[in-house]
Amino acid sequence: MPKYGKDPEAIRRLTPEQFRITQQAGTEMPGSGEYVHNEEPGIYVDVVSGEPLFASTDKYDSGSGWPSFTRPIEPAYVNELRDASHGMVRTEVRSTHGDSHLGHVFPDGHATAAACATASTRRRCGSSTATKWKPRATAPTWTRWRHPMAEERALLAGGCFWGVQHLLHRTEGIVSTRVGYSGGNTQNATYRHHGFHAEAVEIFFDPERISFRRILEFFFQIHDPTTRNRQGNDVGTSYRSAIFYTSEEQKRVAQDTIADVEASGLWPGKVVTEVAPAGEFWEAEPEHQDYLLKHPDGYNCHFVRPDWKLPRRAGSPRPAHERSPPGPAMKNLFDPLQVGKLRLPNRIVMAPLTRNRAPGAIPTALMAEYYAQRASAGLIISEATSITHQGQGYADVPGVYGTEQLDGWKHVTQAVHARGGRIFCQLFHVGRISHVELQPEGRAPVAPSAIAAKAKTYLIRDGAGSFVATSEPRALDAAEIPGIVRDFRHAARNAIGAGFDGVEVHGANGYLLDQFLKTGANQRRDDHGGSIGNRARFLLEVMREVCEEVGSDRVGLRLSPVATANDLVDEDAQPLFDHVARQLAPLGLAYLHLVEGSPGGPREVEGTPSTTRRCGAPGAMRVPPAPGW
């Protein structure tokens, strides 16, 4: 994924009107935008960051006076945030990397902000002023912009392309669709002049989420493949059934699927679906793209037949998506697992804790014995380890920033490796969950904002341990934040140097990274507060630096989307962690460690979605929450 950002120089170049719209959440006057009536093919990019936002193929005239689109080019580049300003609750739309205000989302009907993009029954509103239009130069460039996440392409024809696209684009695993003309010889085909071309739907899909076979099964479920040159009331070669394959594997799957359809008897006649190599695809006019999204009551002769399930012929080859994947499939907890650079001998992972067994923050011989005794686990994640003195929050918690600390950790890692084990170091900065007695020179703990936590920490006074209330924190100055990012990077380097196999960044349970993420502790008004993109910025800066330092295949991250540990909540965690997950994906972390529910509390937190269901990523390793912190 290309790199985009909030370029200060680009902000300085903004006109007063562009600055008012993008930086001060202003509203563009309807009908005044230069792109309202623009019908030229191209893309619309953020005026600050240059990230692609919308494509002309998804643009239509909503009659609102603002440019309207059915969807963004890439959902990861557009954020939807809760906005309770002006005495109403709305959903604000902002660009992800440029953090430019684009407008609001409203129920379909009256749009009162700048430019509208309709998705299903909602209007997503942006602004001509917040975007720049870039013309389509070449087809390959266009394809890269239109399908940045696509992995495999397919072309299907099954009658009027309006209905086929409408049903296919909602299918899980299909990344994008567009309608056009294919299968004939007419150049520069149009709706009025396309010769022998069929009305076709171009599909880009993720083969890890849906197979070509499954797409074809659904295709035969939504159209009649036994009527030649006809679907419903539509008659002619434009409406023929066809599969235009893009590879020999697609051809084989198509032929096998057709044979299974004929053998099933689900359709009364012989299948007449054409199977031919994919030729040129001529994109249809904008008014035909996502037609039934724009006109829900429009003409449609396609529907899903609910009881239609295709059996496989006896002796027919198994579809590719049902064949065993490379390597052994998991049968039990003791199967091996690849996690980043490490090949774990089993899937048992020792979850991290916060322990108070390191006097002076220095690991001891007892700790080496403790971890060595657990070396048979597939992976050990160490106790929480402070990246700096400022990051200390509990008495006798180890650190990874001093020479004696690193020497102590070397004894631990050597003991684990001698037993054949693997161990990651969990890195944390507690932020406001600390006490002045634990801080350098008795200073106040730091936090995103000067908001005290109703929480306790652990102190040892005169040899006796006790829990005491955390101290009032001070808000970090903006100039201090890059230094803490560097501290995480330096700590990761130290951990690898001390013999750890990798590091886990602790972004959960109410500590500093979590404090920046959530509104309960972050009330900043700068680049690290306010919008979801701003609040996630610190975490993402840390993760990029740590990955660059030690390699992303040695880095894990712990998050707790719905946990209320250490008096920390967020007013709307779902879109926050949706954004975080999307931004983390390009980093290629070794794993994502998610806390389900709240540490020391119930797995399901009332009023919140399931952590696993909404935030789990394919291939991510999940570790059960440990008791305590």
Side-chain angles (χ1 to χ4, degrees), residues 57-58 60 70-71 108 118-121 154-172 174 176-184 186 189-205 210 212 214-244 254 257-258 260-262 264-276 278 281-310:
T57 50
D58 302 318
Y60 75 103
T70 58
R71 59 189 170 191
D108 204 13
T118 301
S120 184
T121 58
L155 275 175
L156 302 177
C160 175
F161 46 28
W162 295 345
V164 179
Q165 181 188 33
H166 186 64
L167 294 175
L168 283 172
H169 96 279
R170 297 184 296 178
T171 303
E172 174 69 22
I174 290 181
S176 66
T177 60
R178 60 175 178 160
V179 299
Y181 316 100
S182 195
T186 302
T190 66
Y191 187 74
R192 298 297 179 189
H193 179 67
H194 58 262
F196 187 67
H197 284 301
E199 291 193 7
V201 179
E202 180 188 55
I203 301 164
F204 282 82
F205 66 96
I210 189 171
F212 186 55
R214 181 67 193 93
I215 292 173
L216 292 186
E217 289 179 358
F218 185 68
F219 176 59
F220 286 118
Q221 191 177 2
I222 63 175
H223 88 292
D224 185 347
T226 66
T227 54
R228 190 179 300 276
N229 300 332
R230 177 174 183 170
Q231 285 296 311
N233 296 325
D234 299 319
V235 180
T237 57
S238 297
Y239 307 107
R240 68 187 185 272
S241 175
I243 301 169
F244 301 118
T257 306
I258 288 173
D260 288 345
V261 170
E262 289 193 325
S264 72
L266 290 166
W267 289 106
K270 178 178 175 58
V271 173
V272 296
T273 301
E274 173 188 355
V275 178
F281 175 82
W282 299 96
E283 183 179 1
E285 297 82 346
E287 61 264 28
H288 293 294
Q289 305 297 333
D290 297 295
Y291 182 85
L292 291 175
L293 276 179
K294 306 168 192 174
H295 309 283
D297 297 326
Y299 172 75
N300 183 18
C301 64
H302 295 86
F303 62 94
V304 179
R305 294 155 177 86
D307 299 325
W308 199 95
K309 183 172 176 59
L310 181 64

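- Looking at Ile222 and Trp308, their side chains never come closer than 4.5 Å, going by heavy atoms from C-beta outward.
- Listed by chain and number, the residues in a ring-ring contact (aromatic ring centres under 6.0 Å, His included) with Tyr291 are Trp162, His295 (sequence neighbours excluded).
- The nearest pair of heavy atoms linking Gln165 to Asp290 is OE1-N, 2.9 Å.
- A search for salt bridge (charged side-chain N to carboxylate O under 4.0 Å, His left out) contacts involving Glu285 returns nothing, not counting sequence neighbours.
- What you find for Ala157 and Ala198 is that their closest heavy atoms are CB-CB, 3.8 Å.
- Counting only heavy atoms from C-beta outward, the side chains of Trp267 and Glu262 never approach each other to under 4.5 Å.
- Proximity of a side-chain donor or acceptor of Arg228 to a complementary backbone N or O of Arg230 within less than 3.5 Å is not detected.
- A cation-pi contact, defined as under 6.0 Å to the ring centre and within 45° of the axis, is absent between Arg214 and Phe212.
- With a 4.5 Å cut-off on side-chain heavy atoms, His194 and Trp282 do not count as touching.
- For the pair Arg240 and Phe196, the cation-pi criterion (under 6.0 Å, within 45° of the ring axis) is fulfilled.
- For the pair Thr186 and Tyr181, the minimum side-chain heavy-atom distance is 4.5 Å or more.
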(request) Give the intermediate values and the outcome of side-chain contact (heavy atoms from CB on, under 4.5 Å) for residues Tyr299 and Asp234. (result) CA-CA 11 Å; Tyr299 172 75; Asp234 299 319; 3.1 Å; yes
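- The side-chain contact (heavy atoms from CB on, under 4.5 Å) test with Ile243 is passed by exactly one of Leu156, Thr257, Ile215: Leu156.
- Without hydrogens or angle criteria, His302 side chain to His223 main chain gives no donor-acceptor distance under 3.5 Å.
- Side-chain atoms of His169 and Ile174, non-hydrogen and from C-beta on, never get closer than 4.5 Å to each other.
- Under the ring-ring contact (aromatic ring centres under 6.0 Å, His included) criterion, Tyr191 pairs with His288, not counting sequence neighbours.
- Using a 4.5 Å cut-off on side-chain heavy atoms (C-beta onward), Phe281 and Leu155 make contact.
- Inter-residue side-chain proximity for Phe218 and Leu167 is flagged as met; some heavy-atom pair is nearer than 4.5 Å.
- Annotation: side chain of Leu266 is not in contact with side chain of Arg305 (no heavy-atom distance under 4.5 Å).
- Between Leu292 and Gly163, the shortest heavy-atom distance links the atoms CD1-CA, 3.9 Å.
- The two residues Ser241 and Thr273 come nearest to each other via the heavy atoms OG-OG1, 2.7 Å.
- One N or O on the side chain of Glu199 and one on the backbone of Phe161 form a donor-acceptor pair closer than 3.5 Å.
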